[in-house]
Amino acid sequence: TEIQLLEFLAQEQYAETELSQAGHTYDFTVELDQEQAFLWGSNWCATTENLLRDNFKHITFEFSVEDTPVPANQFLIWDNTLDEMHCRFYYTVVRDWPSGTTNLQIKITFDQIINDGKSDFPAGTHYYRYAVTLP
């Protein structure tokens, strides 16, 4: 079975350029008609491996479910290339959703201005919030 990214089933869709604005909150609303498993996580990419490593000296990823932190060891973390960019991925499989709404959050903080080799990104925190509802 193919496992989809949680964002793909969200009612909201954001352009790639919108998704890295410091201080912004991105809401994703997912209505499931039946229990299913998804990939949940995020990534950061840069033009070179060295730049990616340097960027990660200034980036923190924090994951939580219902405000309870999810430790990084619950995620598969791997470096790979995507569209000629060097990326670090953080993903886990989420399943066994309870009835009602479950709130997940990814908080990504840049402690200083960073550059991915193409653009500058200001210091600040990005919030990605997911409300997943199962009948």
Side-chain angles (χ1 to χ4, degrees):
T1 341
E2 190 176 301
I3 296 187
Q4 287 187 294
L5 287 170
L6 195 51
E7 287 90 325
F8 290 173
L9 289 181
Q11 295 167 11
E12 303 83 358
Q13 296 296 320
Y14 299 96
E16 190 80 24
T17 52
E18 286 181 277
L19 283 173
S20 292
Q21 306 298 317
H24 282 62
T25 297
Y26 303 94
D27 290 305
F28 297 93
T29 309
V30 180
E31 306 267 342
L32 301 179
D33 53 6
Q34 62 184 28
E35 157 50 34
Q36 57 194 114
F38 294 99
L39 272 182
W40 178 55
S42 192
N43 66 68
W44 179 255
C45 301
T47 54
T48 68
E49 280 183 56
N50 285 342
L51 200 49
L52 182 68
R53 270 197 300 278
D54 191 55
N55 282 180
F56 265 92
K57 294 173 186 167
H58 304 287
I59 299 173
T60 55
F61 279 73
E62 296 172 73
F63 298 90
S64 61
V65 175
E66 297 297 349
D67 296 323
T68 301
V70 180
N73 67 9
Q74 299 296 304
F75 289 81
L76 175 63
I77 302 170
W78 81 100
D79 291 357
N80 206 337
T81 54
L82 178 69
D83 300 329
E84 297 177 22
M85 296 283 279
H86 296 267
C87 303
R88 179 161 300 157
F89 297 90
Y90 289 73
Y91 281 99
T92 191
V93 174
V94 285
R95 60 166 69 90
D96 300 326
W97 300 96
S99 292
T101 302
T102 303
N103 296 291
L104 298 84
Q105 178 176 271
I106 304 171
K107 183 174 149 187
I108 302 174
T109 304
F110 299 165
D111 69 6
Q112 68 173 44
I113 188 169
I114 60 174
N115 184 293
D116 66 357
K118 292 182 174 182
S119 306
D120 285 334
F121 295 87
T125 301
H126 317 73
Y127 297 91
Y128 302 87
R129 294 191 175 134
Y130 306 79
V132 181
T133 303
L134 187 68

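Along the sequence shown, the residues carry numbers beginning at 1.
- In terms of modelled atom types and a separation under 3.5 Å, the side chain of E84 and the main chain of T81 share no donor-acceptor contact.
- In this structure, CD in Q105 is found 10.0 Å from OH in Y130, a value given to the nearest 0.5 Å.
- Taking CG of D111 as the start and NE2 of H58 as the end, the distance is 6.0 Å to the nearest 0.5 Å.
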Checklist entry - What do the steps show when you test L51 against H86 for side-chain contact (heavy atoms from CB on, under 4.5 Å), and what is the final call? => result CA-CA 9 Å; L51 200 49; H86 296 267; over 6 Å; no
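- A single hydrophobic cluster is not seen to contain both L32 and I3; linkage of ILVMFWY side chains at heavy-atom distances under 4.5 Å, directly or through other members, places them apart.
- K118 is linked by a side chain to side chain contact (heavy atoms under 4.5 Å, CB included) to T47, M85, D116, counting only residues two or more places apart in sequence or in another chain.
- To the nearest 0.5 angstrom, F89 atom CZ is 4.5 Å from L82 atom CG.
- There is a path of hydrophobic side-chain contacts, each under 4.5 Å, that joins L19 to I106.
- Remark: D83 pairs with no residue by the side-chain hydrogen bond (donor to acceptor under 3.5 Å, both in side chains) rule, at least two apart or across chains.
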For a side-chain contact (heavy atoms from CB on, under 4.5 Å) check, start with the C-alpha distance between W44 and I108, then their side-chain angles and the critical distance, and finish with the verdict. CA-CA 10 Å; W44 179 255; I108 302 174; over 6 Å; no
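- When the side-chain hydrogen bond (donor to acceptor under 3.5 Å, both in side chains) test is applied to T125, the partners found at least two apart in sequence or on another chain are T109.
- Residues Q11 and E31 share a closest heavy-atom pair of NE2-CG, 3.3 Å.
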Do any side-chain atoms of residues 61-74 form donor-acceptor pairs under 3.5 angstrom with protein atoms, and if so which ones, sequence neighbours left out?
residue, atom, partner, partner atom, Å
E66, OE2, N103, N, 2.8

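- Not a single side-chain hydrogen bond (donor to acceptor under 3.5 Å, both in side chains) links Y91 to another residue, sequence neighbours left out.
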*Check against side-chain contact (heavy atoms from CB on, under 4.5 Å), F38 and L9*: CA-CA 10 Å; F38 294 99; L9 289 181; 3.1 Å; yes
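- Between the CZ atom of F56 and the CD1 atom of I77 there is a distance of 8.5 Å, given to the nearest 0.5 Å.
- The ring-ring contact (aromatic ring centres under 6.0 Å, His included) check on Y14 picks up Y26, F28, with sequence neighbours excluded.
- Every residue meeting the side-chain hydrogen bond (donor to acceptor under 3.5 Å, both in side chains) condition with E12, not counting sequence neighbours, appears here in chain and number order: T29.
- For the pair L39 and V93, the minimum side-chain heavy-atom distance is below 4.5 Å.
- By the ring-ring contact (aromatic ring centres under 6.0 Å, His included) test, H126 pairs with F110, sequence neighbours left out.
- Taking D27 as the reference, nothing meets the salt bridge (Lys or Arg N to Asp or Glu O under 4.0 Å) condition, with sequence neighbours excluded.
- Pairs engaging residues 10-45 under the disulfide (SG to SG under 2.5 Å) rule: C45-C87 [sequence neighbours left out].
- For R53, the side chain to side chain contact (heavy atoms under 4.5 Å, CB included) partners two or more places apart in sequence, or in a different chain, are E49, N50, R88.
- Taken from NE2 in H24 to CD in E18, the straight-line distance is 8.5 Å, to the nearest 0.5 Å.
- Scored by the side chain to side chain contact (heavy atoms under 4.5 Å, CB included) test, E35 finds R95, D96, W97, L134 as partners (sequence neighbours excluded).
- Side-chain contact between W40 and F75 is present, with at least one heavy-atom pair separated by less than 4.5 Å.
- The two residues A22 and P122 have their closest heavy-atom pair at CB-O, 3.8 Å.
- Residues V132 and L104 are in side-chain contact: their nearest non-hydrogen atoms beyond the backbone lie under 4.5 Å apart.
- Once rounded to the nearest 0.5 Å, the distance linking CD1 of I114 with CD1 of I59 reads 3.5 Å.
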